[in-house]
Amino acid sequence: MTPLTIGFIGLGIMGRPMAGHLLKAGYSLVVHDLNRQAVAALAAVGAAEAFSPKEVAMRSDVIITMLPDSPDVEAVALGPDGLIEGVRPGVLYADMSTIAPTAAVKVAQALAAKGVRCLDAPVSGGEVGALNAALSIMVGGAEADFAAMRPIFEKLGKTITLCGPNGAGQIVKACNQIQVALNILGMAEALVLGAKAGVDPAIIHKVLSGG
């Protein structure tokens with residue numbers, strides 16, 4: 001059986017350790033990023049270099065993107081020299097960036113017309129979660145595609161949930177962000193209240209954080 005080749009695009013704070021986990025797990029990896037130093041660092045430990053998203057698509061059975069925002073994902077997936085120009089029917093594509101749900105659906109529909117199986121799979125857990133392969137992964141897409149991708153997701157995260165059809169992963173990530181913001185707001189209010197009452201805010205933070 002031919003080993004599975006994963007294409008990974010986006011080697012920033014989150015993407016670089018994620019790609020590293022896949023290499024350690026024994027996957028053949030083709031990587032691309034505008035930062036060629038990041039590409040070279042992974043090439044030095046066994047990844048193959050690619051010079052465009054199109055090239056990544058041509059060489060991969062599974063593709064993962066981890067990019068800053070919606071325009072970046074759309075450019076990489078659908079733009080000139082993008083995934084759509086090199087991808088083969090049947091390839092599984094998971095965008096693990098945090099982007100607008102509408103953008104996730106747009107990309108999925110465009111690539112589906114080429115026979116690509118698409119998942120949106122944003123994560124929470126930050127740099128620490130990425131470094132420790134302990135991310136929470138919220139997935140939108142077909143159940144069969146989720147099942148096919150799950151063994152790869154398990155190399156990157158601990159809590160992996162199918163949330164619904166394409167776009168649902170991004171919607172749940174937005175809900176997560178609202179909850180995080182409310183937690184921050186609650187902590188801020190608590191610190192102000194305690195400080196006004198004469199208690200050291202550092203002690204309050206330690207207690208409320210479970211320290």
Side-chain angles (χ1 to χ4, degrees), residues 1-11 15 18-33 39 42 46-67 70 72-123 135 137-157 160-172:
M1 184 176 180
T2 304
L4 190 68
T5 297
I6 299 175
F8 202 107
I9 301 174
L11 304 175
M18 291 166 69
H21 292 314
L22 297 176
L23 270 177
K24 289 176 185 177
Y27 289 106
S28 176
L29 206 65
V30 178
V31 296
H32 173 66
D33 194 280
V39 173
L42 279 165
E49 296 184 58
F51 293 88
S52 70
K54 177 181 177 179
E55 184 184 350
V56 171
M58 293 174 67
R59 298 168 61 183
S60 303
D61 306 301
V62 173
I63 302 167
I64 296 172
T65 48
M66 189 65 178
L67 299 164
S70 302
D72 306 289
V73 174
E74 290 191 35
V76 163
L78 308 180
D81 279 333
L83 300 176
I84 198 165
E85 294 187 0
V87 75
R88 305 185 308 275
V91 165
L92 187 57
Y93 169 51
D95 174 40
M96 302 188 74
S97 322
T98 296
I99 65 173
T102 51
V105 172
K106 175 183 176 180
V107 169
Q109 289 177 341
L111 290 176
K114 294 281 188 176
V116 179
R117 301 176 292 158
C118 295
L119 299 168
D120 50 281
V123 304
L135 295 166
I137 306 174
M138 296 147 271
V139 187
E143 187 170 354
D145 299 336
F146 172 74
M149 191 69 188
R150 187 173 186 116
I152 296 172
F153 285 150
E154 287 175 348
K155 305 302 180 184
L156 306 173
I160 304 159
T161 308
L162 179 62
C163 302
N166 289 119
Q170 298 294 350
I171 291 170
V172 174

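Remember, it's a predicted structure, so these values are computed and weren't measured experimentally.
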What's the separation between atom CE in M149 and atom CZ in R117, rounded to the nearest 0.5 Å?
10.0 Å
Shortest non-hydrogen contact between G141 and L162, atoms and distance
O-CD1, 3.6 Å
Would you please test V123 and M66 for side-chain contact (heavy atoms from CB on, under 4.5 Å) and show each step?
CA-CA 10 Å; V123 304; M66 189 65 178; 3.8 Å; yes
Tightest non-hydrogen contact, residues V107 and Y93, listed as CG1-CE2, 3.9 Å
For V139 and L119, the nearest pair of non-hydrogen atoms, with its separation, is CG1-CD2, 4.0 Å
Can you check whether I152 reaches I64 side chain to side chain, under 4.5 Å on heavy atoms?
yes
Is the shortest side-chain heavy-atom distance between D81 and F51 below 4.5 Å?
no
The reported gap from CZ in R59 to OG1 in T5 (rounded to nearest 0.5 angstrom) is 8.5 Å
Quick one: closest heavy-atom pair of D120 and G167, and the distance?
OD1-N, 2.6 Å
E55 side, atom CD; I9 side, atom CD1 - distance, nearest 0.5 Å
10.0 Å
Looking at L4, is its backbone amide N or carbonyl O close enough to the side chain of D61 to form a donor-acceptor pair, meaning the two atoms are under 3.5 Å apart?
no
Between R88 (side chain) and S60 (backbone), is there a donor-acceptor pair under 3.5 Å?
yes
Atom of L11, atom of F8 and distance for their closest heavy-atom approach:
CD2-CD2, 3.8 Å
Would you compute the distance between atom CD1 of I63 and atom CG of L83 and round it to the nearest 0.5 angstrom?
5.0 Å
Please confirm whether the backbone N or O of A50 pairs with a side-chain atom of H32, one donor and one acceptor, at under 3.5 Å?
yes
Can you tell me how far CG of L22 sits from CD1 of I6, rounded to the nearest 0.5 angstrom?
4.5 Å
Please confirm whether the backbone N or O of M138 pairs with a side-chain atom of Q170, one donor and one acceptor, at under 3.5 Å?
no
Just jot down the side chain to side chain contact (heavy atoms under 4.5 Å, CB included) partners of A108, sequence neighbours excluded, or say none.
C118, N166
For M18 and L156, which heavy atoms make the closest approach, and how far apart are they?
O-CD2, 3.3 Å
Donor-acceptor contacts under 3.5 Å from residues 72-79 side chains, at least two apart:
| from | atom 1 | to | atom 2 | distance (Å) |
| --- | --- | --- | --- | --- |
| D72 | OD2 | D69 | N | 3.0 |
| E74 | OE1 | K106 | NZ | 2.9 |

Those residues that, when tested against E85, pass salt bridge (Lys or Arg N to Asp or Glu O under 4.0 Å) (two or more places apart):
none
